[in-house]
Amino acid sequence: MAEILVLVDHADGAVKKVTLELLTKARALGTPSAVFIGAGYDKASEKLAEYGAAKVYVAEDGELDAYVTAPKAELLAKLVADTGAAAVLVPATAEGKEVAARLAIKTGSGVLTDAVDVSADLIAEQSIFGGSTVAHSKVTQGTPIIAMRPNATAPEAVPAAAERVEVSVELTDAAKLAKVVEKVVLPKGDRPELTEASIVVSGGRGVGSGENFAIIEKLADALGAAVGASRAAVDAGWYPHQAQVGQTGKTVSPQLYIAAGISGAIQHRAGMQTSKTIVAINKDEEAPIFELADYGVIGDLFKVVPQVTEEILKRK
Amino acid sequence: MKIVVCVKQVPDTEAEKRLLPDTLTVDRESSNPVLNEMDEFAIEEALKLAEAHGGEVTVLTMGPDGADAAVRKALSMGADAGILLTDPALAGSDAVATSYALAQALGTTEYDLVILGSEASDARTSLVPAMLAERLGLPQLTFASKVEIDGTDITVNRLTDYGHDVVKAQLPAVVSVVEKINEPRYPSFKGIMAAKKKPVAQLDTAAAGIDAALVGAGAAATAVVDAAQRPPRTAGVKVSDDGDGGVKLAEFLSAKKFI
């Protein structure tokens, strides 16, 4: 069976859940080969083997991480040519999609983004227009490049050899034009990643201030959830952009989404309406968020959120 | 400094969007076309840079005949000139073809900096800025929340999942901006009046040096096989908080096995 290249998403070797999802999907399409770029492979190898990587192409050269996206695309383009891979799967993160974009131009291939599924004949299911439309699409030229949305597949462990193959690429000058001179990492805490979390608790305009987000965080922590924020809350400077859910922010599709003090403008709905169960807490009975909520509480979030948090902690 | 801002005309952000059942392309008729919101931030950043460093701002858009509405909006905000790349051959272009067409159109003008919004509100793929950098062989400074220029040095803060990267490059470069970067200005009445007199050049594929065989629906490297609207979600239980709203919610979460 042809190889399916899977770009590994990791932080210094800590493999992101989306990678395990991609490996799971890749197994249905061919033989999964993980592509690990950057430092920390020793930490990653076990996970990649556990989730079915038959091979892992390892490129630990620090230069590949020193410039914006282009080096990764050059390495992948080389691997596509050398392996004759049948498809390339990348995570539909901001960076993953940009690597896909450059790879598509380099290899003369089509690219599909935000896929939530892909069938054995490489037809991708895409959730578009904020989840209001489901489309099936295919790549008609080159080696299909498919950017898969995190949290769309349940990862299954099916161990494989994860045979390590060292790879390198002589970077062109064009790949070295945008140099990363500093990485600024926000303190993250112990909460799960927004796009990977099975529960997300989000606050909006109704939260009223940055300090008040503490009550949203407490509820999130009681549920082991990630914290999200509406664009209004992010624009007001109450919560970082990385937490923004909606158009121009992250798209999430957790098992449970709790929206507190969020009216539910289309901007926001576009990022969360494919969540399995939606709960809304809002004092405005007419708020559009209630139209999609499986359970809505009309009330003051400053009373309801602390009460439900306390109740959850009591029941645990 | 010469700055070109690439903008896109999209269906109204507030409207529900759909694909046309026969062509499986975006229905652009049933809602008002507007300038893609993120592009307003790109225009604002271009205007601010031109104000700070001197220079001129040209707006480039590719779209159907009426797409000059997006250009006019940009001109009314203060951009100096517009280029409308329009040709029936371009209809149905995917991101690969769009980036090629824009790269060719950019070849007809001089620039030190190309600025785009980091995503369009219709397709939301965020592919075109990176593709454009790849095609032009220029530094890719995308998802910028801050742009600083000093001579030919350009430094941006590139937003990432973990925070941001500080990225340095030399002009010319391709920048895409996020909406945290600035507050776009509203066009003034004077600006709207002045925009009417500003030049908008119209290019077809031949004038832009675009090989028509490489663009449009026929050349697309991807195809939509089928599409269906998801049935809208239906509202479930709604309760009023009479002092026990949190407790009731906890019962719901417990029944659903979230606790």
Side-chain angles (χ1 to χ4, degrees), chain A residues 68-70 93-94 97-98 101-102 104-105 109-113 123 129 131-142 174 177-186 199 223 241-242 247-248 256 266 273 277 279 290-300 303-304 307-308 311-312 315, chain B residues 14 16-19 38 94-96 99 119 121 124-127 130-131 134-135 137-143 158-159 161-169 178-180 220-230 233 235-241 245-247 249-250 252 254 256 258-259:
Chain A
V68 176
T69 62
T93 56
K97 290 203 284 189
E98 290 195 328
R102 301 192 72 121
I105 302 300
S109 305
V111 51
L112 296 168
T113 59
I123 292 189
F129 303 146
S132 65
T133 298
V134 177
H136 291 94
S137 308
K138 62 180 179 189
V139 170
T140 53
Q141 289 173 28
L177 295 171
K179 188 169 175 55
V180 179
V181 294
E182 190 187 350
K183 279 187 193 290
V184 179
V185 180
L186 291 175
I199 304 178
L223 289 164
H241 179 263
Q242 281 76 8
Q247 206 155 46
T248 76
L256 171 64
I266 195 167
Q273 65 186 353
T277 299
V279 168
F290 286 125
E291 290 164 21
L292 46 149
D294 299 288
Y295 196 87
V297 182
I298 305 157
D300 182 353
K303 297 201 174 94
V304 177
Q307 191 178 63
V308 70
E311 213 34 53
I312 291 164
R315 286 166 190 240
Chain B
E14 298 298 317
E16 292 290 350
K17 290 172 273 286
R18 62 174 199 136
L19 293 179
M38 197 77 96
D94 63 358
V96 171
S99 63
E119 75 176 45
S121 64
R124 295 189 63 200
T125 67
S126 290
L127 293 173
M131 286 181 169
E134 172 73 29
R135 288 194 182 275
L138 294 181
Q140 177 198 324
L141 306 172
T142 43
F143 293 100
R158 167 179 163 83
L159 279 191
D161 280 344
Y162 48 81
H164 70 264
D165 287 347
V166 181
V167 182
K168 279 191 186 296
V178 299
E179 80 271 30
K180 296 297 157 290
T222 55
V224 181
V225 181
D226 61 58
Q229 269 176 295
R230 205 190 288 268
R233 287 187 85 103
V237 182
K238 200 153 84 165
V239 299
S240 284
D241 177 29
V247 177
L249 175 52
F252 171 80
S254 180
K256 287 272 185 183
F258 289 115
I259 351 177

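All of these numbers come straight from a predicted model, not from anything done at the bench. Note on naming: letters A, B, ... go to the chains in the order of the sequence lines (proteins, then strands), and numbering restarts at 1 for each one.
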Can you tell if the side chain of [X] reaches within under 4.5 Å of the side chain of [Y], non-hydrogen atoms only?
X      : Y      : result
A:T69  : B:R158 : yes
B:L19  : A:F129 : yes
B:T142 : A:E98  : yes
B:F252 : A:V297 : no
A:V111 : B:M131 : yes

Most chain A-contacting option - heavy-atom pairs closer than 4.5 Å, from [options]:
options                        : result
B:G245, B:S254, B:S126         : B:G245
B:A95, B:P139, B:A169          : B:P139
B:V166, B:V247, B:I259, B:D241 : B:V166
B:A250, B:G246, B:S240, B:G236 : B:G246
B:E134, B:M38, B:K168          : B:E134
B:V178, B:D161, B:L249         : B:L249

Option in [options] with maximal non-hydrogen atom pairs under 4.5 Å from chain B:
options                        : answer
A:D294, A:L186, A:V279         : A:D294
A:A94, A:A70, A:G110, A:S132   : A:S132
A:V180, A:D300, A:I199         : A:V180
A:V68, A:V184, A:L292, A:V304  : A:V184
A:G299, A:G296, A:S109         : A:G296
A:V139, A:V134, A:T277, A:V185 : A:V134

Please state whether the side chain, the backbone, both or neither of [X] comes within less than 4.5 Å of a heavy atom of chain B.
X      : value
A:I312 : both
A:A293 : backbone
A:K138 : both

### Criterion side-chain contact (heavy atoms from CB on, under 4.5 Å) against A:L112, the qualifying member of B:T222, B:V224, B:T125
B:T222
### Message
I need the minimum non-hydrogen distance between B:A235 and A:F290, along with the two atoms involved.
### Response
CB-O, 3.4 Å
### Query
Nearest heavy-atom pair of A:T133 and B:A227: which atoms, and what distance?
CG2-CB, 4.3 Å
### Summary
One should read off an interatomic distance between A:T113 OG1 and B:R124 CZ, to the nearest 0.5 angstrom, of 10.0 Å
### Task
May I ask you to decide whether B:E119 forms a salt bridge with A:K97, counting only side-chain N to carboxylate O separations under 4.0 Å?
no
### Message
Counting only non-hydrogen atoms closer than 4.5 Å, does B:D94 touch chain A with its backbone (N, CA, C, O), its side chain (CB onward), both, or neither?
### Response
neither
### Check: B:R135 side chain, A:I105 main-chain N or O, donor-acceptor pair, under 3.5 Å
no
### Query
Under 3.5 Å, is there a donor-acceptor pair between the side chain of A:T140 and the main chain of B:A220?
yes
### Summary
Sequence neighbours excluded, the answer for salt bridge (charged side-chain N to carboxylate O under 4.0 Å, His left out) partners of B:K238 is none
### Query
Going by atom types alone, do B:Q140 and A:R102 pair a side-chain donor with an acceptor below 3.5 Å?
yes
